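Before any comments, here is the structure.
Note that the structure is a prediction, hence the values are computed from the model and not measured. Just the heavy atoms: all of them, side chains too, but no hydrogens, waters or symmetry mates, feed the values below. Throughout, a chain's letter reflects where its sequence line sits, starting with A, and its residues are numbered from 1.
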Amino acid sequence: MRTDYCGELTPEDEGREVSVCGWVDRRREHGEKLAFIDLRDHTGVVQCVVDEKHDLRSEYVVRITGTIVVRPEGMENAFLDTGGIELRDCEVEILNRAEAPPFPMHSRQDVDETVRLRYRYVDMRRERMQRNLRYRALVQSAVRGAMEDQGFTEIETPLLIASTPEGARDFVVPSRQKPGEFYALPQSPQIFKQLCMVGGMDRYYQIAKCLRDEDLRADRQFEFAQLDAEASFVGQEEVIEFISYAISSATDAVRGVWPEEMPMMSWIDAMEYYGTDKPDTRFDMTLIELTPLFEGTEANVFKTECVKGITVDGGADEVGRNRIDELTEMCKRWGAKGLAWFRVGEDLVLDGGLTKFMTDDEQAGLIHMMGAKQGDLLLLQSGDRHLVRDVLGRLRLEIGKPPIDEGLAFLWVVDFPMFESINDNGDPVAAHHPFTMPHPDDVDYLVRGGGESLLKIRSQAYDLVLNGWELGSGSVRIHDPEIQKSVFAALGFSEEEAEDKFGFLLDAFRYGAPPHAGFAFGIDRLTALLLGEENIREVIAFPKTQSGSDPLTNAPTPIDDRHLTELGLRTLPPAE
RNA sequence: GGUCCUGUGGUGCAGUUUGGAGUGCACGCCGCCCUGUCAAGGCGGAGGUCGCGAGUUCAAAUCUCGUCAGGACCGCCA
């Protein structure tokens with residue numbers, strides 16, 4: 001049926017009779033005896049000269065047979081890859097007619113996303129989705145290749161698994177054979193990959209679909225793909241090497257450049273200097289510690305646990321009063337009391353409502369510590385340390401964040417704490433999952449009811465960040481059942497609870513578990529960022545909307561009563 | 001659960017602040033003309049419950065309330 005692809009024809013094909021198949025991209029008619037038909041397939045577009053009567057319309061599916069001719073001088077189209085040639089003496093065979101597409105096929109204007117998703121099969125023909133989905137495939141293949149190179153074996157893990165109460169909300173599947181009982185869809189293959197390590201598979205990987213029933217965002221869908229990996233007899237350093245290699249291969253496949261070595265930063269530095277555990281290191285504007293400067297100050301605003309500030313270069317003029325008010329409102333929404341600001345004027349004189357409460361030394365010290373120069377704007381937060389970091393971190397992004405497609409800044413964040421806080425029952429809240437190995441120097445703090453000292457425990461957990469997005473995370477796992485028991489105990493699980501939820505894992509660890517460590521990163525997020533897309537829906541063939549529905553298939557849909565009965569289910573009227 | 005933004009022929013927008021006849025622009029679509037165009041060109045035409053529902057008003061795309069859909073974000077996502 002087809003001898004060649006449209007986009008691959010060149011002047012070297014001159015004289016060949018070829019058959020190409022595809023969709024009518026555009027037609028330019030010059031009376032009954034001459035028409036130019038641009039025929040499009042997934043490789044590109046080629047101009048076909050049709051000089052007989054025909055009835056071709058946009059998006060008709062056709063096969064065109066003709067002879068390749070180098071275009072006459074002056075008729076070339078420099079904007080088209082095949083612009084040097086055309087098909088002559090064309091015979092047109094209409095394989096299928098088509099209605100006019102519901103939106104323009106060219107990418108020069110944005111189209112409402114609901115309409116694109118409703119007609120995704122048409123949208124997919126357009127350049128953007130063709131490019132994105134093909135690059136996504138390149139990412140996956142590069143990642144697979146990199147893992148295979150490093151001795152990893154692909155193993156599939158089940159989709160229908162037991163529900164675990166930890167972590168995100170599970171998607172649940174009713175059991176027909178055991179009415180009233182349910183499977184859960186995996187939030188990640190975490191437990192299975194650890195079992196593979198006990199099973200002597202040595203190095204496992206999988207591009208796994210994971211499902212979490214939590215609200216959707218630009219970087220979150222119900223279901224997403226991750227490169228999931230685990231290796232035996234290795235620690236953090238090796239895992240970071242494995243994953244860096246896979247990520248670099250993917251970056252090379254898409255961007256054509258192998259990234260420089262990926263820098264590392266401790267979790268505590270990320271929090272203190274960037275106010276977040278996923279810093280966007282493409283720009284500076286770091287959080288500067290000012291607490292010592294205001295020790296013993298008379299200014300009430302700064303009589304707090306922590307004072308930090310950021311410097312906006314040239315912000316004194318660029319950031320107007322209205323904008324400052326706007327930023328202040330944002331800070332309040334984020335939980336702050338307000339926003340302290342100072343403009344640095346001529347001779348480094350500070351201008352701002354709070355200067356009258358500050359001594360000359362404090363003002364001079366502020367300028368010095370902030371590294372400020374004339375024309376800068378200084379923004380300060382004071383209060384509880386967690387809040388100061390958080391608010392300033394958000395403010396920093398609000399003011400300085402570059403467009404998502406500008407540059408690539410990978411960053412490994414290491415030395416996460418084991419527990420992120422103590423809840424109202426006095427139990428610690430795990431920062432990562434409860435199979436994470438504590439830092440060897442900190443194991444002694446790991447006691448039930450340890451209170452605040454538990455927060456000092458570092459874990460051997462690490463994240464990979466790209467342009468301020470969390471790409472993925474991993475850890476060295478606990479392989480010693482005794483340590484695992486004390487972590488469960490510290491978390492406030494009773495022996496029975498631990499046995500009930502994870503007994504099979506603890507059992508497995510008794511039969512010779514090797515030391516092991518692993519990682520997982522999101523394929524959707526990586527692909528989106530590599531392609532400069534700010535939304536993972538753009539790299540997913542059939543994504544859901546923010547409210548979790550699919551405009552194409554209308555999922556989710558009700559199921560009929562007979563089906564419900566078979567599953568032993570009954571629906572309740574919607575809650576008030 | 002919450003905050004904010006958007007909804008106007010098939011598509012993208014303007015019109016809404018300050019109420020006065022479905023008004024306009026670009027693309028697309030349909031018909032006719034056109035033998036070298038390539039985002040072809042020329043002439044003509046069709047196409048609308050201004051998301052939906054209530055309210056205010058002599059009068060609502062425009063103001064108010066509610067609701068639905070989409071999006072960004074907060075919460076949530078071990």
Side-chain angles (χ1 to χ4, degrees), chain A residues 25-39 45-52 57-59 69 71-80 82-84 86 88 99-119 122-123 126 164-170 187-188 190-191 210-222 224 326 329-330 332-335 390-391 394 397-398 416 418-421 423 428-436 459 461 470 473 475 487 491 493 501-502 522 534-535 537 544-549 551 575:
Chain A
D25 194 55
R26 200 169 261 118
R27 67 200 158 105
R28 294 174 293 282
E29 309 233 30
H30 296 258
E32 212 170 86
K33 282 284 155 45
L34 176 67
F36 298 98
I37 303 297
D38 289 341
L39 188 68
V45 165
V46 67
Q47 172 168 285
C48 305
V49 184
V50 174
D51 46 18
E52 58 183 22
R57 303 283 158 137
S58 287
E59 298 307 305
V69 174
R71 291 197 194 182
E73 207 171 320
M75 306 297 171
E76 304 90 349
N77 182 355
F79 298 103
L80 198 63
T82 61
E86 61 191 13
R88 286 275 183 83
E99 286 182 24
F103 43 79
M105 296 303 288
H106 62 75
S107 301
R108 284 187 300 280
Q109 73 185 25
D110 288 334
V111 177
D112 180 73
E113 207 185 341
T114 321
V115 183
R116 289 176 59 204
L117 293 181
R118 167 78 185 80
Y119 301 97
V122 176
D123 187 40
R126 306 199 310 161
T164 53
E166 298 305 299
R169 198 176 290 119
D170 278 330
Q187 298 174 27
S188 98
Q190 182 62 36
I191 287 167
C210 303
L211 299 103
R212 295 178 189 173
D213 187 6
E214 297 293 346
D215 286 356
L216 280 49
R217 287 281 204 290
D219 60 351
R220 276 159 37 184
Q221 285 271 305
F222 283 153
F224 57 97
E326 206 177 288
E329 280 312 305
M330 288 184 192
K332 286 180 180 167
R333 276 206 301 278
W334 296 327
D390 184 51
V391 171
R394 289 173 197 261
L397 289 175
E398 171 63 30
F416 270 71
M418 190 83 182
F419 306 107
E420 63 187 20
S421 58
N423 71 14
V429 179
H432 204 54
H433 55 63
F435 317 115
T436 303
S459 70
E470 182 191 318
S473 57
S475 62
V487 169
L491 282 168
F493 293 4
K501 289 172 186 164
F502 302 112
E534 52 194 8
N535 189 316
R537 293 188 299 273
K544 306 269 188 292
T545 66
Q546 201 167 65
S547 63
S549 57

Tell me the interatomic distance from [X], atom [atom1], to [N], atom [atom2], rounded to whole angstroms.
{"X": "A:Asp25", "N": "B:A39", "atom1": "CG", "atom2": "C1'", "value": "11 Å"}
{"X": "A:Glu214", "N": "B:C77", "atom1": "CD", "atom2": "C1'", "value": "5 Å"}
{"X": "A:Glu32", "N": "B:C33", "atom1": "CD", "atom2": "P", "value": "8 Å"}
{"X": "A:Glu420", "N": "B:A78", "atom1": "CD", "atom2": "P", "value": "10 Å"}
{"X": "A:Phe416", "N": "B:A78", "atom1": "CZ", "atom2": "P", "value": "13 Å"}
{"X": "A:Gln187", "N": "B:C76", "atom1": "CD", "atom2": "C1'", "value": "12 Å"}
{"X": "A:Glu99", "N": "B:C30", "atom1": "CD", "atom2": "P", "value": "11 Å"}
{"X": "A:Arg537", "N": "B:G70", "atom1": "CZ", "atom2": "C1'", "value": "9 Å"}

Polar side-chain contact [X]-[N] base: donor and acceptor under 3.5 Å:
{"X": "A:Glu86", "N": "B:G36", "answer": "yes"}
{"X": "A:Arg26", "N": "B:C38", "answer": "no"}
{"X": "A:Gln47", "N": "B:U37", "answer": "yes"}
{"X": "A:Arg217", "N": "B:G75", "answer": "yes"}
{"X": "A:Arg57", "N": "B:C30", "answer": "no"}
{"X": "A:Asp215", "N": "B:G75", "answer": "yes"}

**Study point:** RNA chain B: 5'-proximal contact among A:Ala431 and A:Met75 (nearest heavy atom)
**Key:** A:Met75

Exercise for review: Select from A:His106 and A:Ala168 the residue whose nearest nucleotide in RNA chain B is closer to the 5' end of that strand.
Suggested key: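 So the residue in question is A:His106.
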
[N] versus [M] - spacing of their [atom1] atoms, nearest Å:
{"N": "B:U67", "M": "B:U3", "atom1": "P", "value": "12 Å"}
{"N": "B:G36", "M": "B:A72", "atom1": "C1'", "value": "48 Å"}
{"N": "B:U11", "M": "B:G28", "atom1": "P", "value": "15 Å"}
{"N": "B:A60", "M": "B:C4", "atom1": "C1'", "value": "25 Å"}
{"N": "B:G53", "M": "B:C13", "atom1": "P", "value": "24 Å"}
{"N": "B:A40", "M": "B:C27", "atom1": "C1'", "value": "15 Å"}
{"N": "B:U18", "M": "B:C29", "atom1": "P", "value": "41 Å"}
{"N": "B:A69", "M": "B:G51", "atom1": "P", "value": "16 Å"}

Touch check for [X], heavy atoms < 4.0 angstrom, all strands: base, sugar-phosphate only, or nothing?
{"X": "A:Arg27", "answer": "sugar-phosphate"}
{"X": "A:Arg220", "answer": "base"}
{"X": "A:Asp110", "answer": "sugar-phosphate"}
{"X": "A:Ser549", "answer": "sugar-phosphate"}
{"X": "A:Glu470", "answer": "nothing"}
{"X": "A:Pro434", "answer": "base"}
{"X": "A:Asp112", "answer": "sugar-phosphate"}

Review point. Would you say A:Phe36 stacks on B:U37, if stacking means ring centres under 5.5 Å apart and planes within less than 30 degrees?
Key: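 Yes, A:Phe36 stacks on the base of B:U37.
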
Check your understanding: Relative to the ring of A:Phe502, is the ring of A:Phe435 parallel (under 30°), tilted (30 to 60°) or perpendicular (over 60°)?
Key -> perpendicular

Strand partner of [N], provided both Watson-Crick or wobble distances fall under 3.5 Å:
{"N": "B:U23", "value": "B:A14"}
{"N": "B:G41", "value": "B:C33"}
{"N": "B:G48", "value": "none"}
{"N": "B:A54", "value": "B:U64"}

Closest to the [X] side chain, choosing from [options]:
{"X": "A:Val111", "options": "B:G12, B:G71, B:G36", "result": "B:G12"}
{"X": "A:Ser547", "options": "B:G12, B:G70, B:A78", "result": "B:G70"}
{"X": "A:Glu113", "options": "B:U35, B:C29, B:G71", "result": "B:G71"}
{"X": "A:Arg333", "options": "B:G36, B:U3, B:A78", "result": "B:U3"}
{"X": "A:Leu34", "options": "B:U35, B:A39, B:G71", "result": "B:U35"}
{"X": "A:Val115", "options": "B:U11, B:U35, B:G71", "result": "B:U11"}

Report yes if at least one side-chain N or O of [X] is closer than 4.0 Å to OP1 or OP2 of [N]; otherwise report no.
{"X": "A:Ser58", "N": "B:C29", "value": "yes"}
{"X": "A:Gln546", "N": "B:A72", "value": "yes"}
{"X": "A:Arg28", "N": "B:A40", "value": "yes"}

Review point. Quick one: do A:Glu59 and A:Arg57 make a salt bridge, cutoff under 4.0 Å?
Key: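 No, this pair does not count.
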
Point to revise | A:Arg88 with A:Asp51: basic N within carboxylate O range, under 4.0 Å | key: no

Review point. Distance-only, no hydrogens or angles: does the A:Gln221 side chain make a donor-acceptor pair with backbone N or O of A:Arg537 under 3.5 Å?
Key: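 No, because the side chain of A:Gln221 does not come within donor-acceptor range (under 3.5 Å) of the backbone of A:Arg537.
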
Review point. Do the side chain of A:Glu214 and the main chain of A:Arg169 share a donor and acceptor less than 3.5 angstrom apart?
Key: yes

**Study point:** Greater than 12 external heavy atoms within 6.0 Å of A:Glu32's CD
**Key:**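 No - once you tally the heavy atoms of other residues, nucleotides and ligands closer than 6.0 Å, there are 12 at most.
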
Exercise for review: Inspect the surroundings of CD in A:Glu52 and state if more than 12 heavy atoms from other residues, nucleotides or ligands are less than 6.0 Å away.
Suggested key: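 Atom CD in A:Glu52 is crowded, with more than 12 foreign heavy atoms closer than 6.0 Å.
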
Review point. Quick one: are A:His30 and A:Phe36 in side-chain contact, heavy atoms under 4.5 Å?
Key: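 Yes, close enough: below the 4.5 Å cut-off.
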
Point to revise | Note, A:Glu113 side chain near A:Pro551 side chain (heavy atom, < 4.5 Å) | key: no

